[in-house]
Amino acid sequence: MSPKSPEFKSANLDDWAKAAARSAPGGDVDALSWHTPDGISVKPLYTAQDIKDLPYTDTLPGFEPYIRGPQATMYAVRPWTIRQYAGFSTAEESNAFYRKALAAGAQGVSVAFDLATHRGYDSDHPRVTGDVGKAGVAIDSVEDMKILFDQIPLDKVSVSMTMNGAVLPVLAGYVVAAEEQGVSQDKLSGTIQNDILKEFMVRNTYIYPPEPSMRIIGDIIEYTAQHMPKFNSISISGYHMQEAGANQALELAFTLADGKEYVKTAIAKGMDVDGFAGRLSFFWAIGMNFYLEVAKMRAARLLWCRIMKEFNAKSPKSLMLRTHCQTSGWSLTEQDPYNNVVRTTIEAMAAVFGGTQSLHTNSFDEAIALPTEFSSRIARNTQLIIQEETHITNVVDPWAGSYMMEKLTQDMADAAWSIIEEVDAMGGMTKAVDSGWAKLKIEAAAAEKQARIDSGKDVIVGVNKYRLKTEDAIETRDIDNVAVRDGQITRLKNVKQNRDEALVQSALSAITSAAESGAGNLLDLTIRAMRLRATVGEVSDAMEKVYGRHRADTQKVTGVYAAAYDSAEGWDKLKAEIDQFAQDQGRRPRVMISKLGQDGHDRGAKVVATAFADLGFDVDIGPLFQTPEECARQAIENDVHAVGVSTLAAGHKTLVPAILAELKKQGADDIIVFVGGVIPRQDYEMLYEAGVKGIYGPGTPIPASAKDVLEQIKAALK
C-alpha cells in the first residue's frame with residue numbers, strides 16, 4: 001500500500017507518544033530527550049512541525065546564507081583537501097615526513113612548530129631547554145625554513161602554519177624561503193593561523209599583550225591583501241577552545257566573535273572590507289557529539305554571513321565562511337588506544353557532513369606521544385577511504401531537509417548568537433578576553449565535563465566503562481630533545497657568523513622603532529630582517545622591548561566540578577578525610593599545580609586545581625612558563641605539601657627531574673612531586689626512580705588521584 005493512497009493512515013504525535021511511553025523509563029517520554037551542555041534539548045523524534053517556521057530550510061549550496069556549503073557543488077566536483085598536521089624534532093626530519101605524506105595522498109602541508117618557536121625564543125635560550133623539537137619542529141631562522149620545505153614546490157603545495165605568538169618571524173621566514181626557492185609572494189597559497197585572541201583564552205602561546213598583538217594582526221592582514229592574494233591571512237580558530245573544554249555553542253560563539261574583532265581591526269586600518277574578508281578562514285574542532293558538530297558547522301556559515309552583512313560586505317567571498325577542521329585530540333584515550341581509530345573516523349565523518357574545506361585526522365597514539373609513521377598512515381587513509389570508497393562525496397549536504405538537523409542547526413545558531421550578544425555588550429571580544437570572563441567560561445565547561453566523566457555519567461569506552469584488565473604497550477615516537485637542541489644551537493652559531501651583523505641590527509632597530517611609533521608595517525619590516533638572517537628570537541625581542549611579555553592571571557573557577565560530580569558517597573568520604581587531616585595537622589593539605597617550560601595547554605591543570613579545591617585542598621596555581629627553579633622557589637615560599645606538574649608537550653623527561661633536583665638543592669625534598677598528563681608508560685619507571693610519588697595519566701579520575709596525593713602527603717609527614 002502506498003503511503004499516498006487514501007487507505008493509508010499515518011499515526012499522529014499523540015499515537016507516537018503513547019507507543020514511546022510504553023518503552024520509555026518510567027513511562028516518561030521527556031526522559032528520552034538529550035540535554036546538551038550547550039543548553040540545547042535534543043528530542044528523540046522530530047517532525048515537519050519542528051521546522052515549519054524556520055526561515056532557511058529551502059536554501060541552496062553556494063548561495064546566501066551558505067548553510068548548505070560555500071560552493072554550489074561542494075565535494076561532487078572537488079573533495080576537501082587532506083592535510084596532515086605534523087612537525088617534530090629537526091627541519092630535516094619534518095621535511096622527510098611531509099614528502100612521504102604528500103607522496104602517499106596528502107594534499108597540503110600543515111606545520112606544527114615547537115613551543116620554543118611559538119613563544120618567540122631561539123633554541124639556545126635558557127628558558128626552553130626541555131621544549132626544543134619536542135611538540136613540533138624547531139625553527140630559528142630562514143635556514144631552518146629552507147630545509148623544512150626542501151623539494152616541496154611552494155608554488156604548487158599549499159602550506160598551513162599553526163602560529164600565533166611568533167607569527168611575524170615565522171611567516172616572514174616562510175616568505176623568504178619561498179623567494180630563495182624562486183617562488184614569488186603572489187604565488188604562495190595556504191594559511192597562517194594568526195589568531196591571537198584565542199591564545200589568551202586557552203592555548204597560551206602568546207608573547208605580547210592583547211592590544212599590540214591586535215596591531216600585528218592588522219599589519220599581516222594588510223600586507224597579505226596587497227602582496228599575497230592567494231594566502232589566507234588568518235585562521236580564526238575554535239579548535240583550541242573545544243580542546244580546552246568549551247562546548248560547541250561556546251566554541252562557535254567565541255570564534256565568530258573573534259572574527260568580528262579582527263574585521264574591525266582591519267577596517268580601522270582603513271581597509272575596505274571586501275578587500276580582505278575573502279581571505280579570512282576558520283578552524284573548527286570536531287569532537288564526538290556527532291549531530292552537534294554537523295549542526296555547528298552549518299550554523300557557523302549562517303551566522304558569519306549575518307555578521308559580515310553588518311559590516312556592509314558585498315562580495316560573496318566575504319560572506320561565505322570557509323573552514324579547516326581537525327578531529328579532536330582531547331577525545332583520544334591512552335587506554336585501549338585502538339578505539340581512537342573509530343573515534344577519529346566518526347569525527348571525520350561529522351566534519352565532512354558539515355562541509356569542511358580541508359581536514360586533518362589525528363593519529364590514534366596522540367594521547368600518548370607524537371604520532372608514528374604507522375599511526376599517521378591510518379589517520380591519512382581514514383580520509384582517503386571516505387573520499388574514494390563511500391560515495392559520500394557525490395551528494396551536496398545530505399543532511400539538508402532533515403527535520404532534526406535543520407532544527408538543531410537553528411538551535412545551535414540561536415545559542416551561539418545569544419553568547420555573541422553578551423560579548424558585544426562587553427565591548428567586543430578583546431575586552432571579554434582581557435577581563436578573563438571568556439577564559440573562565442571555558443574553564444567552567446571543562447570542569448563540568450571532567451566531573452561527568454569521572455562520575456560515569458558520560459561514558460568513555462575503555463576508560464570509565466568496558467575497561468581492559470591489562471593494556472598492551474604500543475610503539476611511540478620519542479624525540480631526543482638534547483640532541484635536537486644541540487644541533488639547533490650549532491646552526492644558529494653558523495647563521496650568526498655568516499651574516500652582516502650591522503645590517504641585521506639596523507633591520508631589528510627598524511622593527512623596534514615601528515613598534516614604538518605605530519608607523520610602518522611590521523610584517524614588511526620583519527621580512528627584510530629575515531632576509532638578512534635575523535632569527536626568530538631576535539625579531540621577537542625587538543618588539544618585546546616596546547610591548548613587553550604578557551603574563552596570564554592564575555584565577556580558577558570554584559564549585560563547578562563538585563556540582564557536576566554525580567557520585568556523592570565517595571566524594572563526601574574523601575572530603576571528610578581531608579577535613580580530618582586539617583584537624584590533625586592544624587591546616588589543610590596544600591598543593592601547588594604547575595606548568596613547566598613553554599607548554600601553555602592548561603586545561604588539565606585548571607580542572608585539577610578546581611576539583612582539588614572543591615574537595616578541600618588549599619590550592620596554589622603557579623604562573624605559566626615557569627622554570628624548575630622558579631617552581632621550586634614558589635613551592636617553598638608557599639609552604640606546600642606537594643607540587644603537581646601538568647605536562648602535555650613531552651618535556652617531562654627533562655623538566656620533572658629538574659624540579660626534583662631543585663627542591664633537593666634548596667633543602668625542600670620533603671615536598672612531594674606528582675605528575676599528570678600525557679606521559680608514555682615506558683617513561684613511568686624513569687620518573688619514579690627520579691623521585692616522583694604519583695603519575696596520573698589521561699583517564700585517571702580526579703578523586704582517585706586526589707586520594708592518592710593525600711595518602712602520599714600523610715606518609716611524608718610521618
Side-chain angles (χ1 to χ4, degrees), residues 447 450-451 454 554 556 558 561-562 565 567 569-596 602 604-623 626 628-647 652 655-677 679 684-697 699-718:
Q450 191 61 49
D454 288 348
T554 55
K556 62 181 181 294
T558 57
Y561 185 97
Y565 189 80
S567 184
E569 183 180 347
W571 181 266
D572 291 342
K573 183 179 178 183
L574 184 52
K575 284 193 73 172
E577 289 182 41
I578 291 168
D579 290 340
Q580 186 62 51
F581 178 97
Q583 289 182 30
D584 295 344
Q585 298 294 327
R587 64 174 183 137
R588 293 190 168 276
R590 191 177 190 94
V591 300
M592 175 178 156
I593 306 298
S594 63
K595 295 287 295 183
L596 300 180
D602 62 350
K606 289 295 186 70
V607 168
V608 168
T610 294
F612 272 49
D614 287 354
L615 278 164
F617 284 83
D618 281 337
V619 180
D620 300 322
I621 302 179
Q626 280 188 315
E629 294 78 12
E630 291 165 344
C631 179
R633 187 161 57 248
Q634 183 180 350
I636 293 166
E637 288 171 357
N638 291 9
D639 193 22
V640 303
H641 294 104
V643 172
V645 178
S646 173
T647 178
H652 55 274
L655 296 169
V656 173
I659 179 68
L660 287 158
E662 197 61 35
L663 287 169
K664 186 173 183 179
K665 178 181 171 184
Q666 297 187 37
D669 50 353
D670 57 327
I671 296 176
I672 71 167
V673 173
F674 60 97
V675 186
I679 305 167
Y684 280 25
E685 186 177 351
M686 180 274 290
L687 292 174
Y688 281 129
E689 286 178 357
V692 168
K693 296 299 183 184
I695 302 173
Y696 313 112
T700 305
I702 292 179
S705 63
K707 167 76 171 171
D708 192 49
V709 168
L710 180 64
E711 294 304 319
Q712 293 286 356
I713 291 172
K714 287 179 182 177
L717 291 171
K718 288 180 181 177

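One is the number of the first residue; the rest follow in order along the sequence.
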Quick one: are [X] and [Y] in side-chain contact, heavy atoms under 4.5 Å?
X      : Y      : answer
Val608 : Gln450 : no
Val692 : Tyr684 : no
Glu630 : Pro623 : no
Thr647 : Leu655 : no

Which heavy atom of [X] sits nearest a heavy atom of [Y], and at what distance?
X      : Y      : answer
Ala562 : Asp614 : N-OD2, 3.1 Å
Trp571 : Ala611 : CH2-O, 4.0 Å
Gly622 : Gln634 : CA-OE1, 3.7 Å
Pro703 : Leu574 : O-CD2, 3.5 Å
Arg587 : Asp639 : NH1-O, 2.9 Å
Val643 : Cys631 : CG1-SG, 4.0 Å

[Y] backbone acceptor or donor facing [X] side chain under 3.5 Å:
X      : Y      : result
Arg588 : Gly616 : yes
His641 : Val591 : no
Ser594 : Ser646 : no

* **More than 12 heavy atoms from other groups under 6.0 Å of CD on Glu685** => no
* Could you check whether the rings of Tyr565 and Tyr561 sit parallel, tilted or perpendicular, using 30° and 60° as the cut-offs? => parallel
List the atom pairs, with distances to 0.1 Å, where a side-chain N or O of residues 707-718 and a protein N or O form a donor-acceptor pair under 3.5 Å, not counting sequence neighbours.
unit_1, atom_1, unit_2, atom_2, d
Lys707, NZ, Glu577, OE1, 2.6
Lys707, NZ, Glu577, OE2, 2.9
Lys707, NZ, Glu711, OE2, 3.4
Asp708, OD2, Tyr696, OH, 2.5
Gln712, NE2, Lys693, O, 3.2

* Structure fact -> The reported gap from CG in Asn638 to CG in Asp618 (rounded to nearest 0.5 angstrom) is 10.5 Å
* CG of Asp579 to CG of Leu615: how many Å apart, nearest 0.5 Å? -> 10.0 Å
Without placing hydrogens or testing angles, list every side-chain donor-acceptor pair under 3.5 Å for residues 657-674, not counting sequence neighbours.
unit_1, atom_1, unit_2, atom_2, d
Glu662, OE2, Gln666, NE2, 3.1

